[in-house]
Amino acid sequence: MDGRRPSQIRNINTRLGLNRNAEGSCYIEHGNTKVLCAVYGPYEGKASKRLENRCSIVCQYSATTFSGLERKNRPRGDRKSTEISRLLEKAFESVILTDSFPRSQIDIFCEVIQGDGSNLAACINAISLALADAGIPMKGIASAVTCGVIEGKPIVDLTSREETDLLPRVTLATISGRDEVVLVELQNRLHIDHLNTVMETAKSTCADVYECLAVVAQQHIRACAPILG
Amino acid sequence: MEVYLSDDEKLFLIAGIEDNIRNDGRTCADFRQVVLEQGVLTGTNGSCRVQLGHTTDVLAGIKLELESFDKDSEKNTPPPFKFFVDFSANASSQFAGKGGDEYAEELSAALTTAYSNSYDILGNLKKVQLADGYRWKIYVDVTVLQWNGSVIDAISLGVIGALHNLSIPEVEISPDDGGKVSIVLKRPRTGGNVRDEEVPVDTWKLDVSRCPLLVTVSKIGTGNVIDCTPEEETCIRSQLWVGLTPISNNDFEVTCVKQVGSGLLEIESVNEMISLSSGAVKGLHSALLHRLKTEEYRKPGHSFLL
Amino acid sequence: MSGRLREMRCELAYLKNADGSVCFSQGATCIWASCSGPGDIHRARANDEKMVLDVSFRANTGDNKFHPLNNIITSTLEKVINLQLFPHTTQVITLHGIQDDGSIGAAALNATCFALLDNGLPFDTIFCGVTIVRINGELIIDPTAKQESQSDAKILLAVCRNRTTSAPEICASDTIGDLTIDELENAWLLAKQTALSIFEFYRVSLERKHSTDFC
Amino acid sequence: MRTQPLTICEKTLIVESLRAGKRLDFRSREEFRNVKLIVGSEIGTAICSIGQTKVICAVSAEITEPSSMRPQKGVINIDVDLSPMANYSHEHDRMGQKGMELTRLLELIIRDSRCIDVESLCIRAGKEVWKIKVDVRILDEDGSILDCACLAAITALQHFKRPNVTLEPHHTLVYSEYEKSPIPLNIYHMPICTTIGLLDKGSTIIIDPTEKESECLDGTIVVACNKRKEVCALHQSTNLILTTKQIENCVKLAMSRAEELSSVVIDVIRQDQRERSAFKRPSGFAITSPAIILNENRVVAQQIRAPIKMEIEQEEIEEEESEKQRQAYQSSVIMNENPLRSDGVKQEEIDEEQMIDEQLANIQQSVNRVELDNKQSLDRHGEIQEVDDLLAGLGDDDEEEESTVVTLGDTVDEEDEIVLVAKKKRF
Amino acid sequence: MTSSEIFRVINPHGYFDKFFSNGIFPDGRHILSSQKLVFKQGECGGVGSSIVTFGNVTISCTIEASVSLESDASLVSVEIAETQQLDEKQSEEYCGILLSLFEKEYFVKRESMKCRNNSGEKLPLDWVFKIVVKVLSVDGDLLDSLVAAVGAALKNTKLPTIVLNRGLEDESAIEKTQILVDEANYHLEINNILMSCTFGIFLNQENKEILIVSPDVEISNVCTATVTVIIGNDSKIAFCRQRGSISEFQILRKMTEITIDRRNKFVEALQKS
């Protein structure tokens with residue numbers, strides 16, 4: 001809609017490690033969608049949540065009251081954000097090597113400062129970068145993208161105007177671009193024949209997004225290499 | 001914030017403050033470095049981001065909504081502001097879930113009292129009330145992204161910046177049938193074939209020169225300190241929030257004084273603190289006004305935090 | 001004075017996960033009841049001397065936190081089961097009113113008794129429920145929904161067998177609507193008679209269940 | 001009360017057998033359990049049971065204020081109640097994690113896929129709107145609760161009719177179903193959801209897992225699709241890594257399943273409509289007679305499978321102990337009686353069958369004498385003896401199948417024709 | 001602790017048996033003598049209110065009235081303020097009982113809830129009552145004092161007349177601004193004065209059933225059965241709740257007689273005020 005070709009994603013700029021008191025933090029911008037995320041590394045969390053064989057992941061998604069078009073009166077706690085937090089929790093349970101930290105807890109907080117479409121995908125990218133910044137062992141950097149279908153032609157990285165009620169859209173998250181789907185979420189009804197075209201485009205775009213994230217991660221590691229010595 | 005200091009570190013700090021020198025070289029009445037950027041969020045009518053001393057980071061966004069109000073009770077119409085402070089869990093894991101909510105309520109209550117007599121602070125606020133029973137409701141939402149002491153100063157600066165950046169659309173009122181009113185955004189008359197939406201709506205700005213500034217003054221040992229860092233906050237005896245509004249060009253009028261947290265305060269030390277704060281605020285206020293005027297107009301939505 | 005008692009059907013051990021369960025229907029009124037045997041309970045709610053009864057009648061729609069039937073069922077059970085045998089435990093009894101065609105209270109009481117019998121709890125005496133309504137002066141037992149809406153007085157009685165004389169006696173009742181004392185007496189007598197036939201039905205169905213289980 | 005967790009040896013047994021393609025209840029990996037769907041006598045209630053899992057769903061309507069953002073749209077509210085009847089680890093009125101997830105998924109499938117036309121629910125824009133309440137009660141839990149709940153909800157919604165309404169200047173009149181016939185909801189499409197279990201990294205697919213099996217699976221994926229080959233919802237549960245191929249063939253499996261089930265739903269609804277139009281009130285759940293075992297897409301010959309002690313004995317109990325009483329036709333059931341019209345009851349449907357008049361006559365002629373002796377005129381005893389001798393023959397010719405039960409077979413071969421079991425036996 | 005208290009704790013049944021078999025309560029009152037019922041009307045706000053002390057139970061009941069369009073919804077709602085002495089289940093039950101009594105139009109007929117203008121004819125508006133009950137002290141069954149309090153409060157209710165300034169044939173929806181409250185007010189006609197009384201049945205050693213009037217919590221635990229009877233006018237039983245088995249019916253007859261004469265005393269007292 002805004003002059004991009006269907007298979008072109010919005011420009012991404014990110015910044016890692018800006019929050020001093022969090023183990024890992026990341027700020028990512030997909031075009032106008034701005035997400036800030038902080039990770040508080042494996043620490044001995046609440047007794048009720050502790051699991052014997054693996055570490056438990058607590059995720060909280062909250063969007064600021066002025067992030068959407070209409071003003072929301074509560075940033076978190078409503079049904080939508082609790083559902084998205086659960087989705088993220090489940091997705092990252094399979095990405096992080098959880099059995100390396102038994103009986104511990106990792107807190108992930110992501111804050112959508114401005115939501116202009118495919119907020120969930122931006123959150124996933126932000127979280128995986130923040131985890132990388134925090135140095136938590138993972139199977140790979142999870143990259144995600146939302147892709148919709150208009151008359152059979154798949155379009156990628158939807159903005160809020162494109163996320164209307166009628167357009168079926170799939171949010172897909174894969175691990176380091178490989179064909180390992182960690183999260184798949186479908187909104188609105190999608191005809192079965194379009195299913196594999198959408199899946200293919202989503203998978204390939206995830207791979208491209210992965211490239212950008214990998215580059216950013218390497219630069220960041222190289223930047224603090226002298227400090228680590 | 002969980003910043004732990006050993007006793008002798010505290011002693012060292014308190015002794016320093018008593019003869020007016022602090023760990024980072026500032027005197028008791030200096031502020032840390034303030035970064036202020038306006039118009040950072042495209043989705044809001046007015047926004048501003050304030051960073052205090054490279055750590056405390058606050059984002060203020062304002063949205064306007066049309067609200068009907070019974071116009072016959074003219075005198076005590078509540079001010080059109082609605083403040084909401086929210087601690088993002090990014091600041092620290094203690095704010096996850098319901099963690100920071102009571103402190104946030106305390107802050108929004110302080111802001112509401114400070115802006116309670118808003119009609120005489122902001123000169124042209126009357127214009128907000130459109131004819132027969134409709135007016136703009138100004139929702140001011142502040143999100144604290146990082147928290148490292150003296151949050152209330154950063155928030156009050158952020159609110160002033162956002163109010164300054166706020167552009168309120170001009171509106172034409174044409175009465176409709178059944179007592180309803182149809183509101184039309186006024187657009188500069190342009191012939192030609194430019195589609196109506198693209199033409200920028202003319203807006204007007206609020207005059208923020210007399211907005212109140214809230215400052216935290218804390219009592220450490222015998223000295224009074226402005227804008228404490230987390231280390232200094234661990235050895236505070238008691239804290240005072242002082243709201244100051246400039247009347248003429250350089251003297252200030254105290255709008256609200258609120259004691260925060262426990263701790264005893266003698267009367268004279270309260271007066272001392274207030275005079276100290278008004279001195280510090282003068283410098284801050286002039287710097288703020290200067291900054292608001294000179295900030296060049298950047299493409300909205302440029303990426304900040306970089 | 002009497003009306004016909006609608007025929008009753010019951011299937012025991014109907015659900016997989018419940019210790020005792022029954023799908024009981026009386027005419028068109030159908031109730032599923034289940035009870036889960038004396039099990040462990042959260043320490044805060046445990047009672048040292050006797051078992052805690054957690055009864056909940058749940059209608060099809062609406063929020064089911066409180067239901068007037070819970071009280072009469074719990075108090076009848078307290079009188080009928082010797083709770084001191086199982087201290088520190090709880091018995092969870094759930095009733096679902098699947099379909100309501102009148103005298104739901106009586107059907108609930110009967111279903112609870114069946115469920116607990118199916119679960120094998122030690123009973124002091126057996127109990128059953130009877131609903132009696134008064135339509136222009138006439139006492140009708142086991143009314144259908146239509147009769148119930150025409151009625152101006154409604155009595156729900158829980159009848160149990162006396163421990164010693166094993167004659168039926170009323171162990172709990174809820175009455176609403178203008179009744180003279182004599183009408184109440186007639187209602188009590190009528191209820192005792194109907195209880196006999198209901199106990200008969202209990203014996204028949206339980207004989208049938210146990211006869212096949214152990215063969 | 002806590003449930004016993006699955007023992008290790010049990011888990012290994014199940015996983016090995018699944019890998020070998022066998023299951024404890026003799027189904028192959030790609031086989032569904034049989035589905036039984038019964039519609040109640042009150043409009044808008046339905047019980048669905050898949051294998052042992054039983055779920056009842058009741059739909060009701062009430063008038064509420066619409067939300068300010070969408071003044072002319074009706075409201076659909078879905079509420080799930082995990083009752084301790086299903087599994088005694090649940091507690092009354094406490095919706096744990098499982099309940100929340102179930103509610104969220106049902107909302108995703110029924111509300112967000114917009115299968116019900118919400119605009120038609122508006123009475124007065126901004127003031128009064130119909131609120132459709134879908135109450136799902138889980139009665140027995142043996143795996144794939146979500147499929148069962150979704151099917152029950154869809155049937156109940158199809159079956160539900162909301163009262164007719166007329167607008168008056170300052171209040172609205174709601175009619176009971178005597179004055180104006182109620183209006184059904186218009187439903188665009190019927191999403192049917194299937195739970196597909198996945199084992200060792202998604203390579204082996206298990207259809208319709210039971211409770212024990214779902215505890216030792218890696219994870220499950222929920223696919224909801226409708227007749228028109230549209231995927232309405234896709235939800236991947238716990239930590240599971242799949243390839244897009246696996247997701248696609250899961251969707252295909254779910255698609256074929258959806259067609260079968262939607263045909264069942266339509267048949268049940270049509271069957272019920274035919275009965276209601278003939279003014280016969282089915283007694284719905286009263287006789288959920290278990291004796292009829294629906295032979296699912298298996299050849300009839302399998303009907304008499306190798307007699308396993310448990311299987312046969314189970315059937316025999318139900319046969320034996322469910323008293324086969326003649327189903328005396330009950331007087332019509334009063335649905336949501338309209339309190340406004342207290343006299344609403346009097347103008348009865350005049351063409352009630354002879355059975356009802358006989359019962360009314362029975363009430364008038366019974367003189368209000370009260371005999372104290374216990375050989376009272378109640379003919380209860382007579383009736384029970386009469387039943388005993390009838391049952392002795394164990395012949396199920398007089399067996400009464402009221403429940404509208406449809407066999408569904410994917411390949412309709414000759415001897416397994418669609419049995420629309422609706423024999424109405426009247427004594 | 002004196003020996004009698006120890007005895008009371010160890011074997012409550014034996015302890016009370018001593019007293020009841022010769023007809024007195026531990027505090028000396030005769031077992032059939034009714035408790036003192038003191039009520040004051042019109043003190044605590046709303047259109048009608050009352051404070052009732054019944055034995056050692058004191059509750060206050062206030063009725064707040066509002067106007068609503070004609071509808072077939074129930075016009076009365078009962079709310080018992082939350083206290084620790086009374087758990088949620090019990091207060092919910094009491095509300096249920098009171099609501100069912102209102103539905104049976106025992107307290108107030110539905111037509112008398114219609115609004116009236118000063119010339120007395122009925123308007124298409126209804127009064128809606130919200131009965132707020134605050135429990136000050138609780139001991140044993142609350143229902144007796146609850147029914148008495150509601151009855152007294154309703155008796156004390158004064159409703160203002162309504163002026164509806166719109167033409168009678170005007171069909172548009174009634175606006176909030178068109179309803180004005182007039183000064184003159186009239187008493188609400190009460191359909192029926194109800195009196196509730198709770199009894200305990202105590203089985204002594206020779207298992208003879210002894211009737212006890214309004215037992216407190218401790219005694220009702222020891223009794224085999226508790227019965228609450230509510231009597232309406234012309235001595236009809238409006239409501240009866242019995243928990244626990246009673247062998248013969250005569251005891252119930254005796255209970256109703258006691259409640260009837262208690263009710264007559266209550267009605268005279270109400271008439272006087």
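Keep in mind that the numbers below use all heavy atoms, side chains included, and drop hydrogens, waters and symmetry copies. By convention in this document, chain letters (A, B, ...) are assigned in the order of the sequence lines, proteins followed by strands, and residues within each chain are numbered from 1.
Here E180(A) is the residue among H194(A), E89(A), E180(A), R178(A) with the most heavy-atom pairs under 4.5 Å with chain D. Comparing V170(A), N196(A), I175(A), L190(A) by how many heavy-atom pairs each has under 4.5 Å with chain D, the most go to L190(A).
The side-chain hydrogen bond (donor to acceptor under 3.5 Å, both in side chains) pairs that include a residue from residues 135-148 of chain A number zero, where partners must be two or more places apart or lie in different chains. Listed by first and then second residue, the salt bridge (charged side-chain N to carboxylate O under 4.0 Å, His left out) pairs that reach into residues 181-202 of chain A are R189(A)-E230(D), E200(A)-K203(A), sequence neighbours excluded.
D179(A) places a side-chain N or O within donor-acceptor distance of the main-chain N or O of T244(D), the cut-off being under 3.5 Å.
Only the side chain of L87(A) comes within less than 4.5 Å of a heavy atom of chain D; its backbone N, CA, C and O stay farther away. In this structure, chain A has a heavy atom under 4.5 Å from the side chain of E101(D), while its backbone stays farther away.
Residues T243(D) and V181(A) share a closest heavy-atom pair of C-CG2, 4.4 Å. Contact record, V231(D) with L186(A): O-CD2, 3.4 Å, taken as the closest heavy-atom pair.
Of residues 123-131 of chain A, no residue lies under 4.5 Å from chain D by any heavy-atom pair. Heavy-atom proximity under 4.5 angstrom to chain A picks out N226(D), R228(D), K229(D) from residues 221-229 of chain D.
No side-chain heavy atom of M100(D) sits less than 4.5 Å from a side-chain heavy atom of T82(A).
For the atom pair CD (Q187(A)) and CG (L234(D)), the distance works out to 11.0 Å, reported to the nearest 0.5 Å.
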* Would E248(D) and I192(A) satisfy side-chain contact (heavy atoms from CB on, under 4.5 Å), going step by step from the backbone distance to the final call? -> CA-CA 9 Å; E248(D) 264 137 40; I192(A) 189 157; over 6 Å; no
